[in-house]
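One structure is given below, encoded as structure tokens.
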Amino acid sequence: MESADPIRTTRTASRIFLLSPAKASGRRAQWLLRSQADFELARRVQIRDATLGEVFAFCSGLYFRGKLAYANRFARSSPGACSVYVITPSRGLMPADAIIGPDELNEFATVPVDAAERRFTIPLQTTALAVAAASSLDAIILGSIATGKYVETLLPVFGERLLFPTEFVGRGDMSRGALMLRCVTANTELLYSPLLGAIRKGPRATKVATMQGVSAQRANGTT
């Protein structure tokens with residue numbers, strides 16, 4: 001889908017990624033909190049030796065796994081600086097490699113991810129302001145832009161620096177996850193457009209079959 005402003009549709013030279021959260025109150029999250037759980041990630045959560053990224057990837061499955069793999073592959077920032085952040089329900093933006101345990105996971109489960117929930121929006125705004133002030137890089141959101149639960153807080157902070165993958169429009173979560181995993185495998189990055197003034201909803205996109213097919217469409221000017 002073409003951007004409203006095709007001049008700004010681009011792959012930025014340097015960028016950070018902001019990943020929408022996994023559901024921390026679901027069944028898979030509860031598996032990690034069971035004291036009798038004997039699989040490796042659950043044991044590591046219990047002793048606070050698991051990262052936020054891998055915990056949310058387990059809780060969500062394909063969608064978050066795709067976002068995390070894609071962000072880790074294509075993020076570019078200054079050496080030593082964090083380039084992949086996760087939006088959390090109660091602590092705003094946290095590095096994907098931040099260590100968490102049962103306390104954080106239980107806390108996340110109690111706060112709705114909702115634009116009307118101040119326990120969600122205030123930490124998100126505070127941490128977003130700090131991230132935006134510390135770096136002038138573009139911030140690419142990997143998550144839903146059709147609703148205001150992330151956009152209403154992040155857009156006033158980042159302004160024109162807040163971008164999104166244009167191929168996300170019209171796709172559901174599973175389709176987005178599969179698309180990003182295929183991008184990683186093919187080493188093919190998506191195109192980004194500014195969220196400011198963008199069309200955030202559209203008709204359902206064509207199912208992704210292969211990245212070769214997507215690349216061919218781009219070459220023919222059909223996306």
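This structure is a prediction, so every number in the text was calculated from the model and none was measured. Numbers for residues simply follow the sequence, beginning at 1.
- With sequence neighbours excluded, no residue forms a ring-ring contact (aromatic ring centres under 6.0 Å, His included) with Phe168.
- The shortest distance between side-chain heavy atoms of Thr126 and Ile122 falls below 4.5 Å.
- A donor-acceptor pair under 3.5 Å is absent between the side-chain atoms of Glu160 and the main chain of Leu195, judged by distance alone.
- Membership of the apolar cluster around Met174 extends to Leu62, Leu181, as traced through chained side-chain contacts below 4.5 Å between ILVMFWY residues.
- Taking Arg91 as the reference, Glu107 meet the side chain to side chain donor-acceptor pair (under 3.5 Å) condition, with sequence neighbours excluded.
- From Lys149, atom NZ reaches atom CD1 of Ile87 across 9.5 Å, with rounding to the nearest 0.5 Å.
- Residues satisfying the ring-ring contact (aromatic ring centres under 6.0 Å, His included) criterion with Phe58, sequence neighbours excluded, are Phe39.
- Scanning for side chain to side chain contact (heavy atoms under 4.5 Å, CB included) contacts around Ser20 gives Tyr63, Lys67, Tyr150, with sequence neighbours left out.
- Sequence neighbours left out, the pairs with a member in residues 111-128 that pass salt bridge (Lys or Arg N to Asp or Glu O under 4.0 Å) are Glu117-Arg119.
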(request) Test side chain to side chain contact (heavy atoms under 4.5 Å, CB included) on Asp138 and Phe158 and set out the steps. (result) CA-CA 8 Å; Asp138 287 335; Phe158 288 98; over 6 Å; no

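- Put simply, the side chain of Phe56 does not reach to within 4.5 Å of the side chain of Leu19, judged on heavy atoms.
- Checking side-chain atoms of Thr127 against main-chain N and O of Pro123 turns up a donor-acceptor pair under 3.5 Å.
- One distance of note links CD1 of Ile16 with CZ of Arg76; it measures 14.5 Å at 0.5 Å rounding.
- With sequence neighbours left out, Ser135 forms a side chain to side chain contact (heavy atoms under 4.5 Å, CB included) with Leu137.
- Here the shortest heavy-atom pairing between Ala132 and Val157 reads CB-CG1, 3.8 Å.
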Acceptor/donor pairs from residues 139-146 side chains to any protein atom, 3.5 angstrom cut, sequence neighbours excluded:
residue	atom	partner	partner atom	Å
Ser144	OG	Ala146	N	3.4

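- Listed by chain and residue number, nothing satisfies the side chain to side chain contact (heavy atoms under 4.5 Å, CB included) test with Ala130 (two or more places apart in sequence, or in another chain).
- Residue pairs satisfying the side-chain hydrogen bond (donor to acceptor under 3.5 Å, both in side chains) criterion with at least one member in residues 23-45, sequence neighbours excluded, are listed as follows: Arg44-Glu54.
- Qualifying ring-ring contact (aromatic ring centres under 6.0 Å, His included) partners for Tyr85, counting only residues two or more places apart in sequence or in other chains: none.
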Name each donor-acceptor pair under 3.5 Å that joins a side chain in residues 95-103 to protein atoms two or more places apart or in another chain, with its distance.
none

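- Looking at Thr110, its side chain never comes within 3.5 Å of a backbone N or O of Phe108 through a donor-acceptor pair.
- At least one side-chain heavy atom of Leu179 sits less than 4.5 Å from a side-chain heavy atom of Leu190.
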